[in-house]
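For reference, the structure discussed in these notes is given below.
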Protein chains: 2
Amino acid sequence: MTNIKEIARRAGVSPSTASRALSGKGYVSEEKKRKVLAAAEEFDYAPNLNALSLKTGTTRRLGLVAPEFAESVSLFTGGFVRAAEEAGYTVTLFITGYDKSKELEALEALRRKQVDALVFVLFQSELPLIAPYVKYGPIVSWQRLVHERIPSVFMDQYDGYMLALEHLYAKGYRRICNVYGASTRLNTQSRIEAFADFCRKYGLDPGVCPSFQNMGDTEDGERLVHWWLENGRIPDAFATTNDRVAAGMVSEARRLGLRIPEDFAVCGFDNLDFAHMLDLTTIHYPVDEQAGNAFAIIRSQIEETDLPLKPLKFHLVERATT
Amino acid sequence: MTNIKEIARRAGVSPSTASRALSGKGYVSEEKKRKVLAAAEEFDYAPNLNALSLKTGTTRRLGLVAPEFAESVSLFTGGFVRAAEEAGYTVTLFITGYDKSKELEALEALRRKQVDALVFVLFQSELPLIAPYVKYGPIVSWQRLVHERIPSVFMDQYDGYMLALEHLYAKGYRRICNVYGASTRLNTQSRIEAFADFCRKYGLDPGVCPSFQNMGDTEDGERLVHWWLENGRIPDAFATTNDRVAAGMVSEARRLGLRIPEDFAVCGFDNLDFAHMLDLTTIHYPVDEQAGNAFAIIRSQIEETDLPLKPLKFHLVERATT
DNA sequence: GGTTGACCTGCAATCGATGTCATAAATTAT
DNA sequence: ATAATTTATGACATCGATTGCAGGTCAACC
């Protein structure tokens, strides 16, 4: 439509002068500046960002790669986008559905300069496949990992899980069942350590209940209740990997007429939206702020400054299920 | 990095030939084609999308404008992004926080050719402010509205609400309380009509219970329960604007020791994730598919074809609260 | 043998901005 | 009065691709 040449013509100056007038850089006489600005106003000029991106080699656009938009991912996304917009960046979404080839597409988008940087929320690909792409722009991960070129903004869940265990102990529960998430995640390892330390501290037998791994969905929680009803004495309390599993346990228990926390207690993790509706005791996970930190790291790398990260802490939200 | 000129040089041809070889358009001898492809492979060539966008004036990037990233918005977003990626488009997110100036930024992004089109999920701005921007690219709305240049993919909630009312009637509830959403929304009007028709059909007195408007949050639901406990005989059933309100009512009732549906029934709307956890009877709203339709409309306009839209229907999901 | 048309290739323009450079006028310093 | 500096401006190259056009070869056809 109306480009800068057109504006220059209308104002009776060269494109260079028009550019200077509009950007405010370099020398321009007051008079011509006025004319250019007037022409820009009149003919509704807006710079073409693609031209700028080509020229500068940068887009002020970041890519966010996530498998889907469930609860905590959308929290993270919201926090990330807000932080980015605040600083004048824009965010492009890549949804992978746990498909590695889709993850590759996001990496290619970085290579083709469609985005300046990438944040991986959760991913499937092997690290050695992702790593070479850092030469095209910063890559940050939410998922916990160890790599010298790809920082991750994870929080070690040892502390958070210990919070849950201590709370259950304080409430008088002794036979505690661990409901862990994916066994491959480093956080599961942290939680296992936390439990071991917890048992040592209070002289409890770590083997009093079996632990469970790879639990993640509401359905897992529902099944778990049934498993226990059919296989021996139900534990005093469950410390779970996330609120979804916890919610599944709580709602299934209610359906079966069991009372919570009298028949058994449940502590969730994450403090998602619906935890409040279910009156679920849980550990609050500051996903929002963490997303802000992810952005800060990216921005630090892009702008070669050193932005401070917000220190984050888990905290207990006590409700009615413990 | 490595651009097409570099590849051309390495392959011993001109950039034009290299371009033709890479794109497969126009005549290129087999031999040179091989050489170009080999060079591209060897030197890890990837086209700069910004250059392409500048040249073609199109980005294959769409903007999605939403106030925040809560439940149903993220469902819509997920559906939209999946549909877009399927067709080779990418989606950039604009989160407004109900701030009109942020909505304007999204519109400006369209004008500056950062995106080819926009979809507004929910917005605050007046239509006459948005409308002029359609000359820069298609704009579609999820929020229901009437405008000849801005199509909206709303579903008239008359049918869905009637489904809820009929269900409550069939279950034997007669004193039904309407819990409506924002009074400014056209959908609220549709629901009021549905209720009027419903009462006429069954010879019920529409004024048997007061109706409520501008309910939207969990907290509204919680307050509503208290209001009724303090102000007269509680209705047999509540037909609500969305699951959040319904969830607030259900969870507050449980907290207060009331039994559902014996003391009162509640029917939600949307069938969000957590409805299952709360065993909430609700009306399923096919947000996913609707987002797909929103994309189809945009694509039709961009590519000047005429893609079919998927016909959508509400349906009842009966659970334990009615 | 000359015309036609398919095939192949590279030059140069283009998309819309920025920025370097040369040139020149106006101003200040010496 | 002259040198040095600041101010002002436009021509032109550049970012990285695509594409119209002109010029060329070569086989086929009449």
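In what follows, chains carry the letters A, B, and so on, assigned in the order in which the sequence lines appear, proteins first and then strands, with residues in each chain numbered from 1.
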Revision key, fill the gap. S19(A) has its side chain closest, among dG16(C), dT9(D), dT18(C), to dT18(C)
Practice item. With the side chain of S16(B) defined as its heavy atoms from C-beta on, choose the nearest nucleotide among dT18(D), dT9(D), dA12(C). Key: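 Output: dA12(C).
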**Study point:** Side-chain donor/acceptor contact of R112(A) with base of dG16(D) under 3.5 Å
**Key:** no
In whole angstroms, how far is the [atom2] atom of [N] from the [atom1] atom of [X]?
X	N	atom1	atom2	answer
L54(B)	dC15(D)	CG	P	14 Å
N48(B)	dC15(D)	CG	P	12 Å
N50(A)	dC15(D)	CG	P	18 Å
Y27(B)	dC7(C)	OH	P	4 Å
R20(B)	dT19(D)	CZ	P	10 Å
L49(B)	dT18(D)	CG	P	10 Å
K5(A)	dC15(C)	NZ	P	6 Å
N3(B)	dT18(D)	CG	P	11 Å

Review point. Is A46(A) touching bases, backbone alone, or none of the nucleic acid, heavy atoms closer than 4.0 Å?
Key: sugar-phosphate
Check your understanding: Base, sugar-phosphate alone, or nothing: which one does S29(B) contact when heavy atoms must sit under 4.0 Å apart?
Key -> sugar-phosphate
Review point. Knowing that exactly one of V287(B), L75(B), N242(B) qualifies, which makes a side-chain contact (heavy atoms from CB on, under 4.5 Å) with D270(B)?
Key: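 Single pass found, and it is N242(B).
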Study note, to complete from the structure: To the nearest 10 degrees, the angle between the two end axes of the helix from dG1(C)-dC30(D) to dT30(C)-dA1(D) (five pairs per end) comes to 50°
Review point. Does some side-chain heavy atom of P286(A) sit less than 4.5 Å from a side-chain heavy atom of M155(A)?
Key: yes
**Study point:** Presence of salt bridge, R82(A) and E86(A), under 4.0 angstrom
**Key:** no
Check your understanding: Taking NZ, NE, NH1 and NH2 as the nitrogens, is one of them in E6(A) or R9(A) under 4.0 Å from a carboxylate oxygen of the other?
Key ->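 So E6(A) pairs with R9(A) through a salt bridge.
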Compare side-chain N and O positions of [X] against OP1 and OP2 of [N] and report whether any pair is under 4.0 Å apart.
X	N	result
Y45(B)	dG16(D)	no
K32(A)	dA8(D)	no
T17(B)	dT9(C)	no

Review point. If you take all heavy atoms of Q143(A) and F123(A), which pair is closest and at what distance?
Key: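 What the structure gives for the nearest pair is OE1-N, 3.1 Å.
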Review point. Any idea which heavy atoms bring A21(A) and K33(A) closest together, and the distance?
Key: O-CE, 3.9 Å
Review point. Is the number of heavy atoms from other residues, nucleotides or ligands within 6.0 Å of CD (E148(A)) greater than 12?
Key: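 No, because the 6.0 Å sphere around CD of E148(A) holds 12 heavy atoms or fewer from other groups.
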Check your understanding: Hey, which of these two, K55(B) or P15(A), hits DNA chain C nearer its 5' end, going by closest nucleotide?
Key ->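 The 5'-side residue here is K55(B).
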